[in-house]
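Note that ligands are numbered from 1 as they come in the structure, with each ligand's atoms numbered from 1 the same way.
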Amino acid sequence: MSETLTDTTHDAALRSWVPSANDESTDFPIQNLPFGIFRRAGDEARVGVAIGDQILDVAACLVAGLFEDAGEEAAKLARGSSLNSLMHRGRGPASTLRRAASSLLREGTENGTKAAAIEARILVPMSEAVVLLPAKIGDFTDFYSSIFHAERVGRMFRPDNPLLPNYKYVPIAYHGRSSTIEVSGTDFRRPIGQRRPPNAPPEELPTFEPSHALDYEAEFGFFVGAGNRTGEAVPLDRAEDYIFGMCLLNDWSARDIQAWEYQPLGPFLAKSFASTISPWVVTMDALAPFRVGAYQRPDGDPQPLPYLYSEANERNGGLDITMEIAILSESMREQGMEPYVLSRSRFREFYWSIFQMLTHHTSNGCRLIPGDLIGTGTVSSSGADEMGSILEKTKRGAEPLTLPSGQVRSFVDDGDEIILRGYCEREGYRRIGFGECRARVLPARFLS
Ligand code: MN
């Protein structure tokens, strides 16, 4: 793993000529500069960089001749309608393009002044744009790397044996579906499936009906940049070179369908009906100031096997990101209420780092392809209330929660919108965020 150092793009004193980027509360100050795909009405999808409440149109900057040398070459990889070509080349061109965007958007520099003069040609207000999926996602794998989530959930399904003996050795994952990954703002229908209550008497048959136990899983996702070749594992100290950046991910889960179907091969239809991601991909460069040591395993836990252990990962394999989960019910929406924060949790306490996840994924020779999406697993952490799923919060419905509207929830209801937010804060650095990942549950619809 290359030691990640901060550079001038992270300088907390940098200001942009885009006024909203200097707002204390924005997720997208000039120190962030995440990539995404957007479209204006009647226009083609294109690559953009989020800055305050605006989008920098990369193709328009290219046409206007604002990029030079390596920046221009990198921008040429970002002319399509997905980030895949940019991802394909690994982190180098994306780093170069981010640095070029930083230079163009700075206040009081020659480049910045030139760009600001043609602001109307190169900036699109987010309010006038539709955001799209950032990449053509080939494969989607979802890990289970929070030991706090695994323990709490394991206890509900197997009270005597919450954590299976493999957990502290193998980063556990399942293969999901990329076909039903949608961008934030896309509503979806409650899934219908087979369910059979765990304590049902032997004569009771399973039923086929809308899920009674719809849940969110608040996660981060990371996109594969350059891929590896089949048969060539990625060593842990090089894993970082294969990760393009991160987004928010809601791995929607139907707990009743899951409980009945998961043995012995794991999740299937309980999760493949919908997954939602945030539109802006925060690069590993932008996250550099927020790297921390990997999670310190408690005394008595085994060391990872050698292929999953390195000094560099111990030193800076962790990421200090806060996840925030909020709910907005139909009734709250009608009354004009604000979303209600259900939980906050901390990614820095993950048992396995994203680098260990990537290395483990390729360790058998499995090929990862640019644009593949890898989920981290539900972000739950050590604090009593730091839970990334409603399953944990309500103890599988046994302790329902009350919303500010007076409504009671054991699981997610029709009309509820779940909103994920993520942000990084550190003394001496500018706060950066991930924007939002939101989606609303519509009533189930039976096949006619
Ligand atoms: Mn998940």
Do the charged groups of K168 and D301 touch, with an N to O distance under 4.0 Å? yes
Is it true that R367 and E232 have a side-chain N and a carboxylate O under 4.0 angstrom from each other?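 Salt bridge absent between R367 and E232.
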Would a line drawn from the ring center of F148 to the ring center of Y351 be shorter than 6.0 Å?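 Centroid separation for F148 and Y351: 6.0 Å or greater.
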Do R431's NZ or CZ and the ring of Y423 fall within the cation-pi criteria of under 6.0 Å and 45°? yes
So is R440 actually on top of W252's ring, under 6.0 Å and inside 45° of the axis? no
So, using side-chain hydrogen bond (donor to acceptor under 3.5 Å, both in side chains) as the criterion, who are the partners of E261 when residues are at least two apart?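 Counting only residues at least two positions away or on another chain, E261 forms no side-chain hydrogen bond (donor to acceptor under 3.5 Å, both in side chains).
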Could you please give the number of protein N/O/S atoms within less than 2.8 Å of the Mn ion (ligand 1)? 4
